[in-house]
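Notes to accompany the following structure.
In what follows, every heavy atom counts, from backbone to side chain, and hydrogens, waters and symmetry copies are set aside.
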Amino acid sequence: MRVQDGNIVAIGGLMQQIQRDGSSKVPGAGDVTSGLGGLFKQGSKELTKHEVVVLIKPTVIHSDKQWADDLERTRDRIQNMVLPELRQAPPK
């Protein structure tokens with residue numbers, strides 16, 4: 001794969017999909033086989049999707065200063081992804 005400096009490339013991912021079917025009923029009344037039994041039952045369906053995507057951003061580093069600046073920007077981006085109440089001041 002070839003990519004220009006600083007461009008982001010998606011190289012793959014994983015997806016998981018889970019479906020859950022549930023039901024509940026009023027004891028006794030939900031067991032009635034006639035049409036009235038359906039009035040005392042409840043059904044539910046739940047669909048959950050999880051996806052993980054791998055992204056790569058190559059960066060060519062030409063100097064020590066550029067390296068330090070890039071690390072600082074990366075640290076700031078990662079801290080901004082964390083919930084505000086979990087943020088801490090960076091170590092000095």
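- Looking only at side-chain heavy atoms (C-beta outward), I78 and R75 stay at 4.5 Å or farther from each other.
- V53 is connected to I8 through a chain of hydrophobic side-chain contacts under 4.5 Å among Ile, Leu, Val, Met, Phe, Trp and Tyr, so both are in one cluster.
- Here the CD atom belonging to Q17 is positioned 9.0 Å from the OG1 atom belonging to T48, to the nearest 0.5 angstrom.
- Using a distance-only test at 3.5 Å, with no hydrogens or angles considered, no donor-acceptor pair links the side chain of D21 to the main chain of K45.
- Of all the heavy atoms in P58 and Q4, the pair that sits closest is CG-O, 4.3 Å.
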- Tell me, with the steps shown, if I56 and I11 meet side chain to side chain contact (heavy atoms under 4.5 Å, CB included). CA-CA 7 Å; I56 295 180; I11 63 168; 3.7 Å; yes
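- Residues passing the side chain to side chain donor-acceptor pair (under 3.5 Å) test with R77, sequence neighbours excluded: T74.
- Hydrophobic clustering places V54 together with V3 (ILVMFWY residues linked when any side-chain heavy atoms are closer than 4.5 Å, directly or through intermediates).
- A salt bridge does not link R73 to D76: none of the charged nitrogens lies less than 4.0 Å from a carboxylate oxygen.
- Going from atom CG of D70 over to atom OG of S63 covers 10.5 Å, rounded to the nearest 0.5 Å.
- Note that NE2 of H50 and CE of M15 are 11.5 Å apart. Values are rounded to the nearest 0.5 Å.
- For the atom pair CG of D64 and CG of D69, the computed distance is 11.0 Å after rounding to the nearest 0.5 Å.
- Here the side chain of E72 pairs no donor or acceptor atom with the backbone of A68 at under 3.5 angstrom.
- Side-chain contact between T59 and D5: present, with at least one pair of heavy atoms (C-beta onward) separated by less than 4.5 Å.
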